[in-house]
Amino acid sequence: MNIREVAWRLFSAELNGAVYEIKGEAEKSPSYAVTPLGAMVNRVLMAGVLTEKENVGTEDDPLWRGRVQDTLSGSFYINIGRFQPEAAEAIAGIDTPAYVAVVGKVRTYTTDDGRTFVSVRPETISVIDEPARDLWLLEAAESSWSRLKTMRKAISAGTADKKDLVSLGIREKDAEGVLIALDQ
């Protein structure tokens with residue numbers, strides 16, 4: 001049985017700052033985008049205002065592109081294709097602008113000139129109200145603050161390895177992400 005990855009709460013600026021991807025090697029193994037604060041993100045829960053949506057496919061084979069403004073730091077970019085039929089049906093019925101919550105998989109694309117673009121492939125997208133968006137803002141801020149404190153602790157440790165960071169109280173998977181972020 002496959003266990004679902006945690007859906008991270010983070011702001012768009014942190015997600016869009018991810019420039020390193022760990023690709024899963026086996027079939028169905030997860031890939032991760034590593035953020036500047038060391039989060040190894042496979043899935044994300046985001047909330048904000050759906051400001052744009054466009055079907056760049058056809059009516060029979062829709063391919064939706066959209067932008068969700070997170071209020072504080074920028075925009076998440078979403079792409080919904082044929083393999084996300086529930087999300088495609090949901091976004092088709094949402095009028096912009098609207099508060100939405102999205103759970104989805106993170107994807108990165110690196111151009112030939114080395115620029116990295118990050119997008120989210122929604123598994124679900126739902127209309128929410130402003131208080132629900134505000135709750136997400138609080139959760140994302142708390143999560144970001146925790147990663148910032150972890151990164152600060154790792155930087156204070158100097159040239160540490162994963163074992164050293166774990167001995168400082170940093171979880172093993174978090175230590176791995178922090179070391180990758182510091183290296184990048």
Side-chain angles (χ1 to χ4, degrees), residues 1-48 67-79 100-125 132-184:
M1 175 167 121
N2 289 340
I3 296 174
R4 287 193 151 205
E5 291 282 330
V6 170
W8 289 79
R9 280 88 166 145
L10 46 87
F11 294 112
S12 61
E14 182 179 355
L15 184 64
N16 291 331
V19 295
Y20 187 80
E21 181 178 24
I22 300 170
K23 294 213 183 258
E25 294 177 16
E27 185 177 337
K28 302 267 184 184
S29 64
S31 295
Y32 300 93
V34 181
T35 72
L37 293 179
M40 293 176 49
V41 181
N42 172 267
R43 296 173 73 233
V44 64
L45 167 61
M46 60 183 169
R67 185 168 75 159
V68 177
Q69 178 75 33
D70 79 4
T71 305
L72 293 179
S73 71
S75 297
F76 295 99
Y77 297 93
I78 59 175
N79 294 300
V100 296
V102 178
V103 175
K105 297 272 191 166
V106 175
R107 295 288 173 248
T108 62
Y109 172 73
T110 304
T111 62
D112 292 337
D113 63 359
R115 293 181 296 153
T116 300
F117 295 95
V118 180
S119 66
V120 175
R121 189 182 69 217
E123 298 166 345
T124 63
I125 182 168
R133 189 278 321 258
D134 292 347
L135 180 59
W136 174 86
L137 283 171
L138 179 60
E139 289 176 355
E142 289 172 343
S143 179
S144 297
W145 181 246
S146 176
R147 285 189 301 282
L148 188 60
K149 290 190 310 187
T150 298
M151 182 61 78
R152 177 181 249 170
K153 189 185 289 187
I155 290 170
S156 295
T159 54
D161 61 14
K162 185 161 54 169
K163 183 178 172 185
D164 295 332
L165 296 181
V166 169
S167 72
L168 292 173
I170 298 173
R171 294 182 310 170
E172 189 171 327
K173 189 161 188 169
D174 292 342
E176 182 180 343
V178 164
L179 289 171
I180 292 168
L182 288 171
D183 189 49
Q184 296 301 311

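In this chain, residues are counted from 1 in sequence order.
Residue Arg115 holds its CZ atom at 4.0 Å from CZ of Phe117, rounded to the nearest 0.5 Å. Separation of atoms CZ (Arg147) and CE (Met151) is listed at 10.0 Å; rounding is to 0.5 Å. In this structure, the separation between CG on Leu10 and OG on Ser144 is 6.5 Å, given to the nearest 0.5 Å. Within the model, atoms CZ of Phe76 and CG of Asn16 stand 7.5 Å from one another, a figure rounded to the nearest 0.5 Å. If you take OG on Ser156 and CZ on Arg152, they are separated by 7.0 Å, rounding to the nearest 0.5 Å. The CG atom of Leu137 lies 13.0 Å from the CZ atom of Arg9; values are rounded to the nearest 0.5 Å.
Put simply, the side chain of Ser143 never gets that close to the backbone of Ala140: no donor and acceptor are under 3.5 Å apart. Asn42 contributes no side-chain N or O that, together with a main-chain N or O of Glu5, makes up a donor-acceptor pair within less than 3.5 Å. Panel note: side chain Asp164, backbone Asp161; a donor-acceptor pair is recorded below 3.5 Å. Judged by distance alone, with hydrogens and angles left aside, the side-chain atoms of Ser119 form no donor-acceptor pair with the main-chain N or O of Tyr77 at under 3.5 Å.
Taking the ring-ring contact (aromatic ring centres under 6.0 Å, His included) definition, one finds that Phe11 meets it with Trp136, sequence neighbours left out. Applying the side chain to side chain donor-acceptor pair (under 3.5 Å) criterion to Glu142, with sequence neighbours excluded, gives no partner residue.
Between Ile78 and Ile125 there is a side-chain heavy-atom pair separated by less than 4.5 Å. Contact annotation: the side chain of Val41 approaches that of Thr35 to within less than 4.5 Å [non-hydrogen atoms, C-beta and beyond]. In this structure, Val120 and Leu15 have side chains that are in contact, with non-hydrogen atoms separated by less than 4.5 Å. At a threshold of 4.5 Å between non-hydrogen side-chain atoms, the residues Tyr32 and Glu176 do not count as touching. Looking at Glu172 and Val166, their side chains come closer than 4.5 Å, going by heavy atoms from C-beta outward. Between Val106 and Val118 the shortest side-chain heavy-atom distance falls below 4.5 Å. Side chains of Ile170 and Lys153 form a contact here, defined as non-hydrogen atoms less than 4.5 Å apart. At least one side-chain heavy atom of Leu135 sits less than 4.5 Å from a side-chain heavy atom of Glu139.
Across all their heavy atoms, Ala7 and Leu45 have their closest contact at CB-N, 3.9 Å. Thr108 and Glu21 make their closest contact through OG1-OE1, 2.6 Å (heavy atoms, listed as atom of the first residue, atom of the second, distance). Residues Val34 and Gly177 share a closest heavy-atom pair of CG1-O, 3.7 Å.
When the shell of 6.0 Å around CG of Asp112 is examined, it contains 12 or fewer heavy atoms from other residues, nucleotides or ligands.
For Arg133 and Thr71, the side-chain atoms include at least one donor-acceptor pair closer than 3.5 Å. Side-chain polar atoms of Asp70 and Ser73 form a donor-acceptor pair below 3.5 angstrom. In this structure, a donor-acceptor pair under 3.5 Å is absent between the side chains of Ser12 and Ser75.
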In sequence, state the C-alpha distance, the side-chain angles, and the governing distance for Val103 and Arg43, and then conclude on side chain to side chain contact (heavy atoms under 4.5 Å, CB included).
CA-CA 7 Å; Val103 175; Arg43 296 173 73 233; 3.1 Å; yes
